[in-house]
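Every heavy atom of this structure was used, including side-chain atoms; hydrogens, water molecules and symmetry mates were not.
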Amino acid sequence: MIRIAISGCNGHMGRVVEEICLADPEISIVAGFDLLGNGDHDFPVYSSPAELKDGADVVIDFSSPAALKGLLELARTRCIPLVLATTGYSAEQLAAVDEAARSAPIFRSGNMSLGINLLLELVKRAAAVLGGDYDVEIVERHHHRKVDAPSGTALMLADAAAEALPYRPEYVYDRQGVRKPRDPREIGISSVRGGTIVGDHEVIFAGRDEVIELRHSAQSREVFASGAVRAAKFLAGVRSPGLYSMADLVAATERPSGLL
């Protein structure tokens, strides 16, 4: 039995993670973390990770960047692995994650969807083949409650393209007031917020007389929550501190005997 604590358990994603865990006979939810109180959960909810009394094998975090400091302290002091599914971290916070990963296993991904991670590989391949002859633009769409823009996934896609391009691109987020032709070394990133859009990401390679589009559309939040639960199961079997990603999860899935 894998003992899970859910950070952000009163939020939209925390609720979905809870539903998936309750339906899984291999998982037991031992605690939650949330500033809004206990709510209607059947497990204790603490306002801070430092208050955790019962042992947990893994913490799944779908909260906000503001919760990161307490979670990293929990990982460092009690060696409890973390699955960080929250986006919008600052450069300083990402550096803190890297530092904490020296003491405990930490799994971080800007997107927990297996399909998105396949899209990342397709974007790398397309950028390597099309090179500098095609303009690269990324459009991401999310619901009106999402506070960070661009999405972490959009930045992951931009980084995937940049890794394979024959030049170092500049990320451009806003063209308002810019009165000049598009620089061919740009990667444009546009954000749309509205309605209940779960998450759409489109990568456009626009060349002379042709356009290639690679797109992923999430139909429900469950796809991200399911990925986070899979990551928690993976991390529960990891013995070594370090920073892990979806690439490690996919590799372990292809190689079932490969515990790290």
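Summarising the geometry, atom CZ belonging to Phe224 is positioned 7.0 Å from atom CD1 belonging to Ile116; distances are rounded to the nearest 0.5 Å. A distance of 10.0 Å separates OG1 of Thr87 from CZ of Arg108, quoted to the nearest 0.5 Å. To the nearest 0.5 Å, the span separating CG on Leu249 from CZ on Arg230 amounts to 7.0 Å.
For the pair His216 and Gly115, the tightest heavy-atom approach, listed with the atom from each and the gap, is CD2-C, 3.8 Å.
Using the six-membered ring where Trp is involved, Tyr46 and Phe33 have ring planes that are tilted, between 30° and 60° apart.
Contact annotation: the side chain of Ser109 approaches that of Met156 to within less than 4.5 Å [non-hydrogen atoms, C-beta and beyond]. Looking at heavy atoms from C-beta onward, Ile20 lies out of side-chain contact with Asp24 at the 4.5 angstrom threshold. Counting only heavy atoms from C-beta outward, the side chains of Ile197 and His142 never approach each other to under 4.5 Å. The closest side-chain heavy-atom distance from Pro49 to Glu73 is not below 4.5 Å. Between Cys9 and Arg15, the closest side-chain pair of non-hydrogen atoms is not below 4.5 Å. With a 4.5 Å cut-off on side-chain heavy atoms, Ser190 and Ile138 do not count as touching.
Arg182 places a side-chain N or O within 3.5 Å of a backbone atom of Glu186 that can act as its donor or acceptor partner. Here the side chain of His143 pairs a donor or acceptor atom with the backbone of Lys146 at under 3.5 angstrom. The backbone N or O of Ser191 lies less than 3.5 Å from no partner atom in the side chain of Tyr173, so there is not a single donor-acceptor pair. A donor-acceptor contact shorter than 3.5 Å links the side chain of Tyr171 to the backbone of Ala158. Side chain of Asp61 to backbone of Val83: no donor-acceptor contact under 3.5 angstrom is found. The backbone N or O of Met1 lies less than 3.5 Å from no partner atom in the side chain of Glu26, so there is not a single donor-acceptor pair. Within the 3.5 Å criterion, the main-chain N or O of Ser90 finds a donor-acceptor partner in the side chain of Gln93. The closest donor-acceptor contact from the side chain of Arg193 to the backbone of Asp148 lies under 3.5 Å. Here the side chain of Asn117 pairs no donor or acceptor atom with the backbone of Leu114 at under 3.5 angstrom.
A single hydrophobic cluster is not seen to contain both Tyr89 and Phe107; linkage of ILVMFWY side chains at heavy-atom distances under 4.5 Å, directly or through other members, places them apart. Following chains of ILVMFWY side-chain contacts shorter than 4.5 Å, one cannot reach Val30 starting from Ile6, and the two form parts of different hydrophobic clusters.
Under the salt bridge (charged side-chain N to carboxylate O under 4.0 Å, His left out) criterion, Asp57 pairs with Arg3, sequence neighbours left out.
Salt-bridge check for Arg175 with Glu137: passed, with a basic side-chain N closer than 4.0 Å to an acidic carboxylate O.
More than 12 heavy atoms of other residues, nucleotides or ligands lie within 6.0 Å of CG in Asp174, so this atom counts as buried by the packing criterion. Heavy atoms from other residues, nucleotides or ligands lying under 6.0 Å from CZ of Arg78 number more than 12.
For the residue pair His41 and Asp34, no side-chain donor N or O sits within less than 3.5 Å of a side-chain acceptor on the partner.
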Handout entry: From CA spacing to verdict: salt bridge (Lys or Arg N to Asp or Glu O under 4.0 Å), Glu163, Arg168
Key = CA-CA 8 Å; Glu163 181 181 327; Arg168 176 175 292 181; over 6 Å; no
Only distances under 3.5 Å count here; give the side-chain donor-acceptor pairs of residues 95-104 to other protein atoms, sequence neighbours excluded, each with its distance to 0.1 Å.
| from | atom 1 | to | atom 2 | distance (Å) |
| --- | --- | --- | --- | --- |
| Glu99 | OE1 | Arg102 | NH1 | 3.2 |

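Between Val59 and the options Leu82, Ile106, Leu52, a side-chain contact (heavy atoms from CB on, under 4.5 Å) holds for only Leu82.
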